[in-house]
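Numbers restart at 1 for each chain; the letters A, B, ... are given by sequence-line order, proteins then strands. Everything numeric in this text was worked out from a predicted model, so none of it was measured.
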Amino acid sequence: MHIVICIKQVPDSAQIRVHPVTNTIMRQGVPTIINPYDLFALEEALKLRDVHGGEVTVLTMGPPMAEDSLRKALGYGADRAVLLTDRYFAGSDTLATSFALSQAIAKIGETFGRPDIVFTGKQTIDGDTAQVGPGIAKRLNLSQLTYVAKIASIDLKTREIEVARRAEGGTQLLKSRLPCLITMLEDTNEIRRGSLQQALCAARSQVVKWTAADAGIDDLTRCGLRGSPTVVKRVFAPTARAESAAQIDTAEKGLQDIADELIADILTRRPALEHELAFKSGT
Amino acid sequence: MSTASQATPRLAPGRAGVKKELPDRFKDYRHVWVFLELERGNVHPVSFELLGEGRKLADKLEVQLAGVVLGPPGEMVEDAVAEAFAYGADLVYIVDAPPLADYRNEPFAKALTDLVNTHKPEILLLGATTLGRDLAGSVATTLQTGLTADCTELDVDSDGSLAATRPTFGGSLLCTIYTLNYRPQMATVRPRVMPMPQRVDKPVGRVMRHKLSLVEDDIVTKVLGFLPDNQSAMANLAYADVVVAGGLGLGAAENLQLVKNLARAIGAEHGCSRPLVQKGWMPADRQIGQTGKTIRPKLYIAAGISGAIQHRVGVEGADLIVAINTDPNAPIFEFAHLGIVTDAIRFLPALTEAFTRRLSPHSRDKLAS
């Protein structure tokens, strides 16, 4: 079984500074990690390989430094890593990103064997859109299974897969067909620690580096800014509310007095709450 | 995975950011559409919130507001259509067919894509629910158009383009995104971000019925079953009237009990900010903020939460925000209505006790007399 997992290198924290003059993001000095949601998907891919055999290929699109994340993924036990990197990809929105990744996955299929499953995390912690997974599925005509909490079974002979997926108000049990694209929910897996041997292997293994041309992308107008229908016109910090919070003075008062004062203040502002709270609390 | 440009906002340089004349093939795209999400027989409330927002956009553009209802033939769809009119739709497109009984990407994406290609809306809005995000991503890809996720503000600019504003970079900034040269302009909005509109006294509108160009045998994915959430165990944060939440200021996982105790004492739901979910201190369905739940309670008490904009956008709709934090410069004091600079770990038990005293029948009797 061949599994391809797409990961993304993301900034480690939300403490990103904005250039005061140009209003652009200053990424320098911000440490990067593998998008945490992708790790649940990676673990699932490795677990499936443990059971069914085969190979796990990890793929990312990003700047050359994204190789660090791929090496970490190799350290967890992935068999192969592909870095899709080219200046033509700069500024890609979700549509352009899913185009480039789907082309690379098709190329991985030709080069290393057709994938049975493509995994992504449910979303990234920087973009938070959850749009790239569905975009890849549509472009590669894969059966789309998003927000998967559990893979119940895979039958490689009949090419069938059963999953439990998070839906509004409950869990949906679906049967579908391989190849498919799965976006994995968080909290689904305990992330394994790679072995020392894997870490040594990862340090020595080659990361396959592909440009747009290497991945077989000949239409560069579909990549990067040119291939992105969405355009960021304005980036701004949220405006603070004119008046800041009315502060309750805590000096020289006991905690109980402050608490009583706060409650009195709340109920002066919203008198209707008193009965509501009493009713809800069942007293 | 996600967008580089939505994740790497910049002032768009060069040609990409320049509005060209809309290509001829898009010139007759008109009207605002809202996808109505049917959730096990009922319309998801986010759909009504979107109709309220869609109405404003349609009025500004002087075009019609249409609802889209996809579902199995029968009462469920007819009820949804009536609700769409009650919340302001001028017309409703219906595709009712047995394969649309339970949500699956394939038939829903097909039905919605076909409708768009036939009737050409200029704006298409969906709820950013699990269903809406699953559907919007594949429809936008098929249509090769722009899709902006989790918007907190929608507007129409002076030349009629949709300006979709969303938090970016973990919510530390906001950005406004346009889909200039493609149609429809698509956006998703999370539940509770937009206010619930008034029901309008206009029970009729036009209905346009379409066929699904797909039969069950064509559909690869089959529904084997559905396990509804155990109602008692499910957090109903988004629709709770009173919410108490904890943040990193609580210092340790066990201190979350203080938040739960206060919530129990005043009949509130409890929640937390994102770092606590990432640390595994609370399950993801309790997370409040841009990537968790958006709430609009009458009273919101934030304990030990600093109030990054990621959290702020999730609670801004609250009627009264009370913040407890040791840091007087915490951003939460910029949008809270009432603030106390103190250690939440010490203060929460006192507050719980004071509420219990205040709300007890004995003290109420005393108040009445």
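Interface remark: A/R270 contributes side-chain atoms only to the contact with chain B (heavy atom separation under 4.5 Å). Interface residue B/E37: only side-chain heavy atoms are found under 4.5 Å from chain A. Contact of B/T352 with chain A is not made at all, since no heavy-atom distance falls under 4.5 Å. At a 4.5 Å heavy-atom cutoff, A/I161 makes no contact with chain B through either its backbone or its side chain. Using a 4.5 Å cut-off between heavy atoms, A/A167 contacts chain B through both its backbone and its side chain. For a residue to count as touching a neighbouring chain, one of its non-hydrogen atoms must lie under 4.5 Å from one of that chain's; by this rule A/Q247 touches chain B with backbone and side chain alike. Only the backbone of B/A140 comes within contact range of chain A, with at least one heavy atom under 4.5 Å from a heavy atom of that chain. Heavy atoms of A/L273 lying under 4.5 Å from chain B belong exclusively to its side chain. Only the side chain of A/E162 comes within contact range of chain B, judged by heavy atoms closer than 4.5 Å. With a threshold of 4.5 angstrom between heavy atoms, B/T129 approaches chain A through its backbone and through its side chain. Heavy-atom distances place the side chain of B/V322, and not its backbone, under 4.5 Å from chain A. At a 4.5 Å heavy-atom cutoff, A/L185 makes no contact with chain B through either its backbone or its side chain. Looking at A/S143, the atoms closer than 4.5 Å to chain B (heavy atoms on both sides) all sit in the side chain, from C-beta outward. Only the side chain of B/Y182 comes within contact range of chain A, with at least one heavy atom under 4.5 Å from a heavy atom of that chain.
Note on A/Y147, A/Y37, A/F99: by heavy-atom pairs under 4.5 Å with chain B, the leading option is A/Y147. For the set B/D150, B/L131, B/L299, the count of heavy-atom pairs under 4.5 angstrom toward chain A peaks at B/L299. Ranked by heavy-atom pairs under 4.5 Å with chain A, the list B/T142, B/V277, B/L135 is led by B/T142. Ranked by heavy-atom pairs under 4.5 Å with chain B, the list A/I248, A/D265, A/I263, A/T146 is led by A/I263. In terms of non-hydrogen atom pairs under 4.5 Å with chain A, the most contact-rich of B/T342, B/D319, B/D102 is B/D319. Interface check for chain A: of the options B/L227, B/L351, B/I266, B/L338, the most heavy-atom pairs under 4.5 Å are formed by B/L338. Of the residues considered (B/G137, B/G146, B/S138, B/A128), B/S138 shows the highest number of contacts with chain A, using heavy-atom pairs under 4.5 Å.
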For this session: Could you walk me through whether A/D128 and B/R166 pass salt bridge (charged side-chain N to carboxylate O under 4.0 Å, His left out), step by step?
Result: CA-CA 10 Å; A/D128 279 328; B/R166 74 184 302 264; 5.7 Å; no
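Contact of the B/C151 side chain with the B/T165 side chain is not registered, since no non-hydrogen atoms from C-beta on lie closer than 4.5 Å. Considering only heavy atoms from C-beta on, B/D241 comes within 4.5 Å of A/E276 through its side chain. Under the 4.5 Å side-chain criterion, counting only non-hydrogen atoms from C-beta, A/V132 is in contact with A/L101. Two residues are said to be in side-chain contact when any heavy atoms from C-beta on lie closer than 4.5 Å; A/L277 and B/V242 meet this criterion. In this structure the side chain of A/K122 reaches within 4.5 angstrom of the side chain of A/E186, judged on heavy atoms. Side chains of A/L59 and A/I7 form no contact here, defined as non-hydrogen atoms less than 4.5 Å apart.
Other residues, nucleotides and ligands contribute at most 12 non-hydrogen atoms within 6.0 Å of the OH atom of A/Y88. The number of heavy atoms from other shown groups lying within 6.0 Å of NZ (B/K222) is above 12. A/K253 NZ: more than 12 foreign heavy atoms inside a 6.0 Å radius. For B/E153, the CD atom counts as loosely surrounded, since its 6.0 Å shell holds 12 or fewer non-hydrogen atoms of other residues, nucleotides or ligands.
A side chain to side chain donor-acceptor pair (under 3.5 Å) with B/T130 holds for exactly one of A/R166, A/E168, A/Q172; it is A/E168. Considering A/L181, A/T97, A/L140 as possible partners of A/S102, the one that fulfils the side chain to side chain contact (heavy atoms under 4.5 Å, CB included) test is A/L140.
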